[in-house]
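Worksheet for the structure shown next.
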Amino acid sequence: MEVVVASSIGVLTASGIYLILRLRAFPVILGLAMLSYAANALLFASGRLAINMPPVLSKYGEASYTDPLPQALVLTAIVISFGMTAVLVMVALASYLEAGNDEVNMDAPGTGASDEKAGS
């Protein structure tokens, strides 16, 4: 089971990094979402979920329990990443409506190939 969780976190991280390196706005937003999913899965897996155990220590000294802290951290991270994704989608939409495309311009003003295209 650990191999499946570790592999899925690795695949989510790799696909997130690949999508962030694209030069379009929408894949960058999807890549950031993938990275946040990978971070959430890593946080959740660090809690060592115990099946059919209470989320807090019992007063009778039962040693096995589920740690509630990673679950609370993941829940908070999900809410924050959803809000940031919504903000990024609105910024990308405004940029697309203003510029007419969703390309990410990596050139400095006045020195890139995009200025040569605009001049010709």
Side-chain angles (χ1 to χ4, degrees):
M1 187 64 181
E2 290 87 9
V3 173
V4 173
V5 172
S7 298
S8 64
I9 291 171
V11 167
L12 282 172
T13 303
S15 63
I17 290 173
Y18 173 75
L19 287 172
I20 284 177
L21 295 176
R22 306 291 295 180
L23 290 178
R24 299 280 184 188
F26 188 66
V28 170
I29 294 171
L30 286 179
L32 287 172
M34 291 284 195
L35 278 178
S36 70
Y37 294 152
N40 290 341
L42 181 67
L43 279 174
F44 195 70
S46 71
R48 296 182 186 153
L49 184 62
I51 298 172
N52 294 328
M53 294 293 159
V56 293
L57 287 172
S58 70
K59 61 182 176 180
Y60 300 112
E62 191 174 314
S64 184
Y65 68 97
T66 301
D67 189 12
L69 183 62
Q71 297 174 19
L73 288 174
V74 167
L75 183 61
T76 304
I78 288 170
V79 171
I80 291 171
S81 67
F82 179 73
M84 287 307 299
T85 302
V87 168
L88 285 174
V89 166
M90 294 308 295
V91 168
L93 181 62
S95 174
Y96 174 74
L97 291 176
E98 183 178 332
N101 60 16
D102 68 340
E103 291 181 6
V104 177
N105 189 3
M106 300 295 288
D107 297 329
T111 61
S114 61
D115 291 335
E116 294 172 4
K117 291 178 187 175
S120 52

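Residue indices begin at 1 and follow the sequence shown. In what follows, every heavy atom counts, from backbone to side chain, and hydrogens, waters and symmetry copies are set aside. Remember, predicted model here, so these are calculated numbers, not experimental data.
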Checklist entry - Quick one: does S46's side chain have a donor or acceptor within less than 3.5 Å of a partner on L43's backbone? => result yes
Checklist entry - Would a 4.5 Å heavy-atom cut-off, applied to side chains only, mark I29 and T85 as touching? => result yes
Next on the checklist: Membership question, hydrophobic clusters at under 4.5 Å side-chain separation (ILVMFWY): are V5 and L42 in the same one?
Outcome noted: yes
Checklist entry - Hey, are the side chains of E103 and L23 touching, using non-hydrogen atoms and a 4.5 Å cut-off? => result no
Next on the checklist: If I take atom CG from residue L75 and atom CZ from residue F44, how far apart are they, to the nearest 0.5 angstrom?
Outcome noted: 10.5 Å
Checklist entry - Does CZ in R24 sit with more than 12 non-hydrogen atoms of other residues, nucleotides or ligands closer than 6.0 Å? => result yes
Item to check | Contact list for residues 28-43, test side chain to side chain donor-acceptor pair (under 3.5 Å), sequence neighbours left out | outcome: none
Checklist entry - Any idea which heavy atoms bring V28 and R22 closest together, and the distance? => result CG2-O, 3.6 Å
Next on the checklist: Rounded at 0.5 Å granularity, tell me how far CD1 in I80 sits from CG in L73.
Outcome noted: 10.0 Å
Checklist entry - Among all residues two or more places apart in sequence or in another chain, which pass the side-chain contact (heavy atoms from CB on, under 4.5 Å) test with I17? => result T13, L21, L35
Item to check | Minimal non-hydrogen separation, L19 against G31, with atom names | outcome: CB-CA, 3.6 Å
Item to check | I20 with F26, same ILVMFWY side-chain cluster at under 4.5 Å | outcome: no
Checklist entry - What distance separates S95 OG from N101 CG, expressed to the nearest 0.5 Å? => result 7.5 Å
